[in-house]
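Here is the structure we will look at.
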Amino acid sequence: MTEQADVTRQADAAEQGRPLAGRVALVAGATRGAGRAIAVELGRAGALVYVTGRTTRERVSEVGRATETIEETAELVTAAGGTGIAVPADHLEPDQVKALIARVDRDHGRLDVLVNSVWGGDHLLEFDTALWDLDLANGLRMLRLGVESHLVTSHYALPLLIRRPGGLVVEMTDGTAAFNRTYRGNLCFDLTKNAAHRVAFGLAAELKKYGGTAVSLTPGFLRSEEMLDHFGVTEETWRDAVAQEPHFAVAESPLLVGRGVAALATDADKARWSGQSLSSGQLAKEYDFNDADGSRPDGFGYFEEVVLGGKEGSPEDYR
């Protein structure tokens, strides 16, 4: 297909509500939560999406949740209108990541969006515990899961992404750069979640001459599958958890951050964000989209201004 024909085809797809038709995305860590929702929303915009993770229908990762799998995520991507391809991968294993990218290159010859959403370290957390009292193996494991895995993935994926201008890298994390100036109560967790901001900043500099964009992105108080289970509620009854945790009143479904990444990926002027720390609530305002219930929660606006900043307000003021 000629370049002009490709441009024409993409323009036609955009008119049909599929602006990412013909684009290839990789969501590393798409088993559940934000990663899953991002993959689905990229698919809804027409992209072909590789979804990776360690939990499959045959094997469960150390997270210990058999209820979400990469195969299910791929099916959701396809059902949304894209093409989902599930590839089991441990992103701490360079050979597996190298083989994954070689497959993407062989089959499509391009990569337009890379989302580094690998984590899976919540079960290792010990909050309000001094470094010398932490389980050191668990702390170092968090750093590997949340930082090393992202570096390994980008090392192999970016040579493919920079072949065409307009590529997007999204470093998923927990907390904006402003919010994370407050200590997160566990040094290894704090380092892990702050590292994404610096990785995005560095990659923005390295990608600039190739026309690429890199950002760090956080959802707000996320109603992930695991969080709903923690509070003993469902997506339909989530407000019942507000009695246990009042701040949960500002919680958002994973759909919000998924829509945020899709909006970024389709923005011809996304380079204006490069190197910045972004939140789902911020992108919802910028790109004019809402959560599944029609509200527009700004979780980190609430935490930064009210909880930490002392401003008068309630969670409902930030919905």
Side-chain angles (χ1 to χ4, degrees), residues 25-43 49-80 82-101 103-104 114-127 134-153 156-157 172-174 186 188-189 192-193 196 219 222-235 238 241 253-255 257-258:
L26 166 59
V27 182
T31 312
R32 60 184 64 83
R36 168 174 283 190
I38 290 166
V40 172
E41 292 310 300
L42 289 171
V49 188
Y50 283 86
V51 299
T52 68
R54 296 173 296 163
T55 295
T56 69
R57 286 173 175 151
E58 289 73 41
R59 170 178 285 186
V60 180
S61 77
E62 69 191 76
V63 175
R65 292 183 63 87
T67 44
E68 303 95 28
T69 68
I70 57 170
E71 293 94 340
E72 183 180 43
T73 300
E75 291 165 0
L76 290 170
V77 171
T78 301
T83 301
I85 301 174
V87 181
D90 183 338
H91 286 260
L92 285 172
E93 296 294 335
D95 287 346
Q96 292 186 31
V97 179
K98 183 178 180 180
L100 165 67
I101 300 304
R103 174 178 172 178
V104 177
L114 169 63
V115 180
N116 279 318
S117 189
V118 177
W119 170 228
D122 286 342
H123 65 290
L124 304 171
L125 277 167
E126 301 171 83
F127 280 123
L134 286 178
D135 183 310
L136 182 60
N138 286 349
L140 295 178
R141 180 67 176 170
M142 278 195 288
L143 285 164
R144 294 199 72 210
L145 287 167
V147 181
E148 183 180 332
S149 65
H150 291 214
L151 297 178
V152 170
T153 306
Y156 288 107
M172 295 301 299
T173 190
D174 182 325
N186 176 307
C188 293
F189 179 75
T192 299
K193 296 310 176 182
L222 190 67
R223 297 197 304 268
S224 64
E225 301 91 344
E226 193 167 3
M227 186 59 70
L228 292 172
D229 287 349
H230 171 75
F231 285 122
V233 294
T234 66
E235 180 57 25
W238 70 269
S253 81
L255 176 66
V257 75

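Put simply, OG1 on Thr69 and CD on Glu75 are 7.0 Å apart, with the number rounded to the nearest 0.5 Å. Glu148 CD to Thr153 OG1: the interatomic distance, rounded to the nearest 0.5 Å, is 10.0 Å. Interatomic distance, Glu225 CD to Glu68 CD, rounded to the nearest 0.5 Å: 4.5 Å. With rounding to the nearest 0.5 angstrom, the CG atom of Leu255 is 9.5 Å from the CZ atom of Arg223.
The shortest non-hydrogen separation linking Asn186 to Met142 is OD1-CE, 3.7 Å. In plain terms, the two heavy atoms of Ile85 and Ala74 that are nearest each other are N-CB, 4.0 Å. Residues Leu143 and Cys188 share a closest heavy-atom pair of CD2-O, 3.9 Å. For the pair Leu222 and Pro219, the tightest heavy-atom approach, listed with the atom from each and the gap, is CD1-CB, 3.9 Å. Closest approach of Thr52 to Ala89, counting heavy atoms only: CB-CB, 4.2 Å. For the residue pair Ile101 and Tyr156, the shortest heavy atom distance occurs at CG2-O, 3.4 Å.
Checked for salt-bridge contact, Arg144 and Glu62 miss the test: no charged N lies under 4.0 Å from a carboxylate O.
The side-chain heavy atoms of Leu42 and Val27, taken from C-beta on, include a pair separated by under 4.5 Å. With a 4.5 Å cut-off on side-chain heavy atoms, His123 and Glu226 do not count as touching. Contact of the Leu100 side chain with the Leu26 side chain is registered, since non-hydrogen atoms from C-beta on lie closer than 4.5 Å. Taking the side chain as every heavy atom from C-beta outward, Arg54 and Thr31 never approach each other to under 4.5 Å. Residues Leu136 and Leu140 have side chains in contact (heavy-atom distance under 4.5 Å, counting atoms from C-beta outward). When side chains are defined from C-beta on, Trp119 counts as touching Lys193, because their heavy atoms get closer than 4.5 Å.
A donor-acceptor pair under 3.5 Å is formed between the side chain of Thr78 and the backbone N or O of Gly84. Between the side chain of Glu235 and the backbone N or O of Ser253, no donor-acceptor pair lies under 3.5 Å. For Gln96 (side chain) and Asp90 (main-chain N/O), a donor-acceptor pair under 3.5 Å exists by modelled atom type. Arg65 places no side-chain N or O within donor-acceptor distance of the main-chain N or O of Arg32, the cut-off being under 3.5 Å. Panel note: side chain Ser61, backbone Thr55; no donor-acceptor pair is recorded below 3.5 Å.
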Point to revise | Criterion side-chain contact (heavy atoms from CB on, under 4.5 Å) on Met172 and Val257, from CA distance to verdict | key: CA-CA 10 Å; Met172 295 301 299; Val257 75; 3.9 Å; yes
Exercise for review: Before giving the answer on side-chain contact (heavy atoms from CB on, under 4.5 Å), spell out for Val152 and His91 the whole-Å C-alpha distance, their side-chain angles and the decisive distance to 0.1 Å.
Suggested key: CA-CA 7 Å; Val152 170; His91 286 260; 5.8 Å; no
**Study point:** Pair Leu145-Leu92, side-chain contact (heavy atoms from CB on, under 4.5 Å): steps then yes or no
**Key:** CA-CA 7 Å; Leu145 287 167; Leu92 285 172; 4.1 Å; yes
